[in-house]
Amino acid sequence: MPSTELVLQILVNGLLLGGIYAVAALGLSLVFGIMDIVNLAHGHMLMVGAYVAILLFAAAGISPIIGMFVAMALLFGFGMLLQKFLLQHVVDEGMEQPIIVLFGLALILQSLGRVILGSDARSAEIGIPGQSINVGPILLSFPRTVTFVIAVVLILSTWAFLQYTSTGRAIRATAQNRDAARYMGIDTERVYVITLGIGTALAGAAGALLSMLFPITPFVGWSYLLKAFAVVVLGGVGSVAGTLIGGLILGVSENLGSLYLGGGFRDIISITIFLVVLIVRPQGLFGSNGGGGE
């Protein structure tokens, strides 16, 4: 049996990883909760964000933390353009057409990544002196700790934006009742453009953070899309707090499962959690009827 110290170490590492999962899932949750679109390209946008950070680090030695902000800006713009010039024409045509469009976009991004960058795994280094610090029996990894803190700051910033800004209130109003929001003078098309921009920016941020911890290939999009779905199902669509807690639960579950079952079961654990919660409590552990930042 694993020692108590090892189990504690695995639990802490799972919590630190779960923060990044929550950032990835928050973008997916916002887009689905507000626009009623399942963004099947979300994981591949995460992959793009990771490669932005990796290439900036490799080409100019730029810290992947700075690269994360570059990735967020680029993907925010990409998401806005995607909604304005493509998805806007299918967003009111039911769920099937946006899913088909976004599935095709995912395949395009994956193919472009493979053709331009190759299939070899790449990663970035955070560049912090020292790699870990002892806290009692626990060894805290600096990269994991820093990425967790950044992830929590991003989640809290998104929550504050949705709660306390006029644009955030317009987003939440649109999520609750789009027609009523239009009658109140809210430009719902603009809300959709901003929402997809935020969702893709958060995917890019998660990708940049993950590039500091794990090797990235053009094919990781599907795996991280699945993890984001699992977190959304756990936390409930529209709940920022639920998304954070869902990410932490998934991170811990994956790490414990890898300890007892082997690393090959990591994605199987995500699928199992997704299916079980979907069957037992489809609204999620912290689901709410109001969207956008409850």
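Since we're looking at a predicted model, the values are computed, not measured. Only heavy atoms go into these numbers, but all of them, side chains included; no hydrogens, no water, no symmetry mates.
Looking at every heavy atom in both residues, Q88 comes nearest to K84 through OE1-O, 3.4 Å. Residue R114 comes nearest to S119 through the heavy atom pair CG-OG, 3.5 Å, listed as atom of the first residue, atom of the second, then distance. Closest heavy-atom contact between S270 and L250: OG-CD1, 3.8 Å. In this structure, G118 and Y51 approach most closely via the heavy-atom pair O-OH, 4.4 Å. Nearest heavy-atom pair across L102 and A41 is O-CB, 3.5 Å. Between L56 and G67, the shortest heavy-atom contact is CD1-CA, 3.8 Å.
Atom CG of residue L209 and atom OG1 of residue T147 lie 6.0 Å apart, to the nearest 0.5 angstrom. Rounding to the nearest 0.5 Å gives a distance of 10.5 Å between OG1 of T174 and CG of D179. Distance check: L196 CG to M45 CE gives 6.0 Å after rounding to the nearest 0.5 Å. From L156, atom CG reaches atom CD of Q163 across 12.0 Å, with rounding to the nearest 0.5 Å. Of the inter-residue distances, the one linking F69 atom CZ with L74 atom CG reads 13.5 Å to the nearest 0.5 angstrom. Rounded to the nearest 0.5 angstrom, L234 CG and L244 CG are separated by 12.0 Å.
Residues I268 and L261 share a single hydrophobic cluster, defined by chaining ILVMFWY side chains whose heavy atoms lie under 4.5 Å apart. In the hydrophobic clustering of ILVMFWY residues, with side-chain heavy atoms under 4.5 Å counting as a link, V31 and L81 come out apart. When hydrophobic clusters are built by joining Ile, Leu, Val, Met, Phe, Trp and Tyr residues whose side-chain heavy atoms come closer than 4.5 Å, directly or via intermediates, Y164 is grouped together with L154. Under a hydrophobic-cluster definition in which Ile, Leu, Val, Met, Phe, Trp and Tyr are linked whenever side-chain heavy atoms come within less than 4.5 Å, directly or via other members, L109 and I116 are assigned to the same cluster. Follow the hydrophobic side-chain contacts under 4.5 Å out from L15 and you reach F142 in the same cluster.
Residues R178 and V191 have side chains not in contact (no heavy-atom distance under 4.5 Å, counting atoms from C-beta outward). Using a 4.5 Å cut-off on side-chain heavy atoms (C-beta onward), L87 and V101 make contact. Residues I54 and L117 have side chains not in contact (no heavy-atom distance under 4.5 Å, counting atoms from C-beta outward). At a threshold of 4.5 Å between non-hydrogen side-chain atoms, the residues V220 and T217 count as touching. Counting heavy atoms from C-beta outward, V12 and R144 have side chains that stay 4.5 Å or more apart. At a threshold of 4.5 Å between non-hydrogen side-chain atoms, the residues L75 and V52 do not count as touching. Looking at heavy atoms from C-beta onward, S253 lies in side-chain contact with I249 at the 4.5 angstrom threshold. Using a 4.5 Å heavy-atom cutoff, the side chains of F148 and L248 are in contact.
Without hydrogens or angle criteria, Q9 side chain to L139 main chain gives a donor-acceptor distance under 3.5 Å. Side chain of H42 to main chain of Y224: no donor-acceptor pair is present (N/O by atom type, distance under 3.5 Å, no hydrogens or angles). For R182 (side chain) and T188 (main-chain N/O), no donor-acceptor pair under 3.5 Å exists by modelled atom type. Here the side chain of S29 pairs no donor or acceptor atom with the backbone of V232 at under 3.5 angstrom.
By the ring-ring contact (aromatic ring centres under 6.0 Å, His included) test, H44 is found to be paired with W222, residues two or more places apart in sequence or in another chain being considered. In this view, F85 satisfies the ring-ring contact (aromatic ring centres under 6.0 Å, His included) rule with no residue, not counting sequence neighbours.
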For this session: Mind running side-chain contact (heavy atoms from CB on, under 4.5 Å) on L105 and L82 for me, showing each step along the way?
Result: CA-CA 10 Å; L105 177 61; L82 177 64; 3.7 Å; yes
For this session: Go through V7 and Y260 one step at a time and tell me if the side-chain contact (heavy atoms from CB on, under 4.5 Å) criterion holds.
Result: CA-CA 10 Å; V7 173; Y260 288 103; 3.7 Å; yes
Problem set entry | Trace of the side-chain contact (heavy atoms from CB on, under 4.5 Å) decision for I198 with I171 | CA-CA 11 Å; I198 293 172; I171 290 173; 4.2 Å; yes
Exercise. Is there a side-chain contact (heavy atoms from CB on, under 4.5 Å) between V23 and T243 once you walk through the steps?
Worked result: CA-CA 8 Å; V23 172; T243 300; over 6 Å; no
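By the 6.0 Å contact criterion, CZ on F161 is enclosed, its count of non-hydrogen atoms from other residues, nucleotides or ligands being greater than 12.
Among residue pairs with one or both ends in residues 227-239, those qualifying as salt bridge (Lys or Arg N to Asp or Glu O under 4.0 Å) are K227-E254, K227-D267; sequence neighbours excluded.
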